[in-house]
Amino acid sequence: MAAGEEEAAAGTETESEAAVEELRSFKDLGVTDVLCEACDQLGWKVPTKIQVEAIPVALQGRDVIGLAETGSGKTGAFALPILQALLETPQRLFALVLTPTRELAFQISEQFEALGSSIGVQTTVIVGGIDTMSQSLALAKKPHVIIATPGRLVDHLENTKGFNLRALKFLVMDEADRILNMDFETEVDKILKVIPRDRKTFLFSATMTKKVQKLQRAALKNPVKCAVSSKYQTVEKLQQYYIFIPSKFKDSYLVYILNELAGNSFMIFCSTCNNTQRTALLLRNLGFTAIPLHGQMSQNKRLGSLNKFKAKARSILLATDVASRGLDIPHVDVVINFDIPTHSKDYIHRVGRTARAGRSGKSITFVTQYDVELFQRIEHLIGKKLPAFPMQEEEVMMLTERVAEAQRIARMELREQGEKKRSRNDNDDDTEEAIGVRNKVAGGKKKKRKAF
Ligand code: AMP
């Protein structure tokens, strides 16, 4: 984020910061009985803070800006008012939710379906990596709610005969800061041009960046701001550590820590798809149940990985930043920044995967001789100096031989996988990233997109 945006985010003021002192019920917020029952069935006993703030104003028909992150219950905060409006005036192609990643799209659709099952709500997920024909068929059935990533939705708006959003009543932009950071601005503009001006808009974002402010001015009418927490604070129950180590022994230190903290569930962040895959293979060769999640995997594989981890069939999830925000993974005990994040803000998002909902958690950041400056920036951002994670160096060194052997096998496996993929002439290129690149090329811009 540019310095100006960082300031804008840090200085964001809210109009309704009233703390929620007493626990209120969904009914108190104006939620209709059948939806209160649905909440109850999901085990949602009382509304979360963002729900308390946003639901009443949304039910009054106001546009809403919600400053809240995933994990805050924000999906319920926008889904409940939409479902209630749908109950009052049933209509097909009623609401569109734009979200930055495929995983989030599926999670949102699951929540809509769970909350709306008793009222027969139909949703469709429109994301890259899935064949367009079956999506066109699903759109032809005119679902009530479409949950989409912007790139693929624009593809359908431009190419799918008979599909349009001219009757849309609700637009949600979920994780708007991230949508814009992923360079989906052009796509969002295109979508805004083909939906009715006379609609309700909810914009949810973890940070109020300059780009988000611009989008807010373009898309929302006289909105009410609802916020639940200040952005750059890591929770108290999170114990944050670093380790300062030579780059060439990173793998051995990782194995040491996984052994030391055995029995926990881990999320390990790597900076590239390739390193995510490599490290997963390495750990598997050493007998750990590790599973990768990154943007070069097919849609099915990504969902499969996530589900196995969620179901606790695997205890270690290795991910790129595509997974660092937004995913609802409740039971991560330890976050390891195996590769230090280059944007300090990503640090907050990564470590935010643990110590959620009042539970405690640990994060350990690997700092090599090349990462000192980045690490200092992180400490500056969070406003504290982190302690070193205690280690027995001799024990780490005893692991190096076994680790070297596992590295050798992992390299071989990686090469084999690459060759297999090439020979399959895999057309798994339809990822959000690839679509983004195509759109950029089509738009004549030369800026390269990072593959996460
Ligand atoms: P979200 O921030 O929308 O991704 O929600 C995070 C998690 O909180 C999801 O697993 C929701 O099912 C859950 N959740 C949402 N609202 C409530 C609530 N009022 N009480 C308990 N859990 C909730």
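All ligand and atom numbering here is 1-based and tracks the order in the structure. Computation of the quantities below employed the complete heavy-atom set of this structure, encompassing side-chain atoms and omitting hydrogens, waters and symmetry-equivalent molecules.
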Under 4.0 Å, heavy atoms only, figure out whether ligand 1 is touched by the backbone of Phe26, its side chain, both or neither.
side chain
Ligand 1 atoms in contact with Thr48 (distance to a heavy atom under 4.0 Å):
16 (N), 17 (C), 18 (C), 19 (N)
Hydrogens and angles aside, do Glu379 and Tyr347 bring a side-chain donor and acceptor to less than 3.5 Å of each other?
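Side chains of Glu379 and Tyr347: no pair found under 3.5 Å.
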Under a heavy-atom criterion of less than 4.0 Å, does Val46 contact ligand 1?
yes
Are any of the N/O atoms on Lys45, whether in the backbone or the side chain, positioned under 3.5 angstrom from an N/O atom of ligand 1?
no
Select the closest option to atom 5 (O) of ligand 1 among Cys39, Ala114, Gly73, Ala79, judged by heavy-atom distance.
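Among Cys39, Ala114, Gly73, Ala79, the closest heavy atom to atom 5 (O) of ligand 1 comes from Gly73.
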Atom CD1 of Ile50 and atom OG of Ser72: how far apart are they, to the nearest 0.5 Å?
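Nearest 0.5 Å value for the CD1-OG distance: 6.0 Å.
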Could you tell me if the ring centre of Tyr242 sits under 6.0 Å from that of Phe389?
no
Distance under 4.0 Å to a non-hydrogen atom of Lys74: what atoms of ligand 1 satisfy this?
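What qualifies from ligand 1 is 1 (P), 2 (O), 3 (O).
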Options Phe78, Phe204, Trp44, ranked by nearest heavy atom to atom 18 (C) of ligand 1, top entry
Trp44
Could you give me the CA-CA distance, side-chain angles and deciding distance for Lys142 and Phe163, then say whether side chain to side chain contact (heavy atoms under 4.5 Å, CB included) is met?
CA-CA 9 Å; Lys142 298 194 187 321; Phe163 169 58; over 6 Å; no
Enumerated ligand 1 atoms positioned under 4.0 Å from heavy atoms of Thr75:
1 (P), 3 (O), 4 (O)
Is there a nitrogen or oxygen of Gly76 sitting under 3.5 Å from a nitrogen or oxygen of ligand 1?
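N/O-N/O distance below 3.5 Å does not exist for this pair.
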Please find out if less than 6.0 Å separates the ring center of Phe366 from that of Tyr253.
no
Would you call Asp321-Arg350 a salt bridge at under 4.0 Å N-O?
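So Asp321 pairs with Arg350 through a salt bridge.
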Taking non-hydrogen atoms only, is Gln111 closer than 4.0 angstrom to ligand 1 via side chain, backbone, both or neither?
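Looking at Gln111 and ligand 1, just side chain atoms fall under 4.0 Å.
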Assess Lys250 against Phe338: is NZ or CZ under 6.0 Å from the centre of the six-membered ring, and within 45 degrees of the ring's axis?
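Flagged: Lys250 positioned over aromatic ring of Phe338.
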